[in-house]
Amino acid sequence: MTGARYGRVVGDFDDLLAANTEYAAHFDLGGFDGIAHAGVAVVTCMDSRIDPLRMLGLSHGDAKIFRNPGARVTPQALEALVLGAHLLNVQRILVVPHTRCAMTATTEQELRERIGESAGQDPSWHFFSVVDDQLKALEDDVQKVRAHPLIPESVLVGGFIYDVDTGLLDQKF
Ligand SMILES: [Zn+2]
């Protein structure tokens, strides 16, 4: 794969754009609104083993999905949840970290060393949100949502661990 670091290079995304053309040829969801039709929001990890809609039996248009490394309730996640709860029909929120998450399997120092080797430069200025204790982090994150002054009390908040090997969700909080 060639390509300049900066600027648009024709060709780099051809395979994906071809797939998109195919997708658009059968697209019948135009004019759809952006609310969460099933009333669901999910905060989960960026991990490619997680299919947040399908694992909950949901489909296009049903849910608001916010993803980051480790499924953490960050300020931006809270921003998404407040918007969801007030403007986008969100009535239930699931916080869903998962088994075998890379963010739980390493220290920030180890991560910086690995990224430093890959990048060929010192990444110590960069923050990486590793998780020491996944259950404790989940409990704190769920609490953070429940206690948020702009999340209505009527909104239900649950904390779950998703097992990437069985596909099962296990509710912890
Ligand atoms: Zn993960």
Side-chain angles (χ1 to χ4, degrees), residues 1 12-13 15-16 19-20 23 34 36-85 88 90-148 150-151 155-173:
M1 183 110 5
D12 285 354
F13 297 90
D15 54 336
L16 299 174
N20 173 253
Y23 174 74
H37 279 252
V40 170
V42 181
V43 177
T44 193
C45 185
M46 65 189 275
D47 195 291
S48 51
R49 292 167 293 187
I50 300 173
D51 190 341
L53 289 174
R54 282 180 62 209
M55 78 181 182
L56 296 168
L58 301 176
S59 59
H60 187 93
D62 280 343
K64 295 295 173 194
I65 311 291
F66 187 93
R67 304 183 75 153
N68 61 28
R72 299 311 309 278
V73 176
T74 59
Q76 266 204 311
L78 286 167
E79 177 189 2
L81 296 175
V82 168
L83 286 167
L88 301 165
V90 168
Q91 292 141 28
R92 286 186 293 174
I93 295 169
L94 296 86
V95 183
V96 188
H98 63 99
T99 58
R100 300 205 281 124
C101 181
M103 301 309 283
T104 68
T106 183
T107 65
E108 191 170 27
Q109 187 52 39
E110 285 165 359
L111 215 46
R112 283 193 171 127
E113 282 167 17
R114 287 168 60 196
I115 288 165
E117 279 167 29
S118 172
Q121 59 174 295
D122 177 14
S124 60
W125 52 273
H126 204 292
F127 173 76
F128 297 101
S129 56
V130 296
V131 178
D132 288 335
D133 181 338
Q134 189 178 49
L135 269 184
K136 179 76 175 77
L138 179 56
E139 185 175 17
D140 290 349
D141 280 350
V142 166
Q143 195 49 38
K144 211 182 285 181
V145 182
R146 286 183 180 148
H148 195 285
L150 292 175
I151 299 290
V155 171
L156 303 173
V157 186
F160 307 77
I161 303 282
Y162 177 72
D163 187 325
V164 295
D165 294 302
T166 65
L168 284 170
L169 283 168
D170 182 10
Q171 184 164 12
K172 299 294 187 183
F173 303 103

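Residue numbers run from 1 in the order of the sequence given. Order of listing sets the numbers, starting from 1, for every ligand and every atom in it. As the structure is a prediction and not an experimental result, all values here were calculated from the model.
Between the side chain of Lys64 and the backbone N or O of Val90, no donor-acceptor pair lies under 3.5 Å.
The salt bridge (Lys or Arg N to Asp or Glu O under 4.0 Å) test applied to Arg49 returns Asp47, not counting sequence neighbours.
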If you look only at distance, which donor and acceptor atoms sit under 3.5 Å apart when one is on a side chain in residues 127-135 and the other is two or more places apart or in another chain?
{"residue": "Asp133", "atom": "OD1", "partner": "Leu135", "partner atom": "N", "Å": "3.3"}
{"residue": "Asp133", "atom": "OD1", "partner": "Lys136", "partner atom": "N", "Å": "3.1"}
{"residue": "Gln134", "atom": "NE2", "partner": "His98", "partner atom": "O", "Å": "2.8"}

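For the salt bridge (Lys or Arg N to Asp or Glu O under 4.0 Å) condition, the pairs that include at least one residue of residues 110-125, sequence neighbours left out, are Glu108-Arg112.
Remark: Phe66 CZ to Glu79 CD distance equals 8.0 Å, nearest 0.5 Å. If you take CZ on Arg146 and CD1 on Ile93, they are separated by 10.0 Å, rounding to the nearest 0.5 Å.
Near-neighbour remark for the Zn ion (ligand 1): protein N, O or S atoms under 2.8 Å are Cys45 SG, His98 NE2, Cys101 SG; waters not counted.
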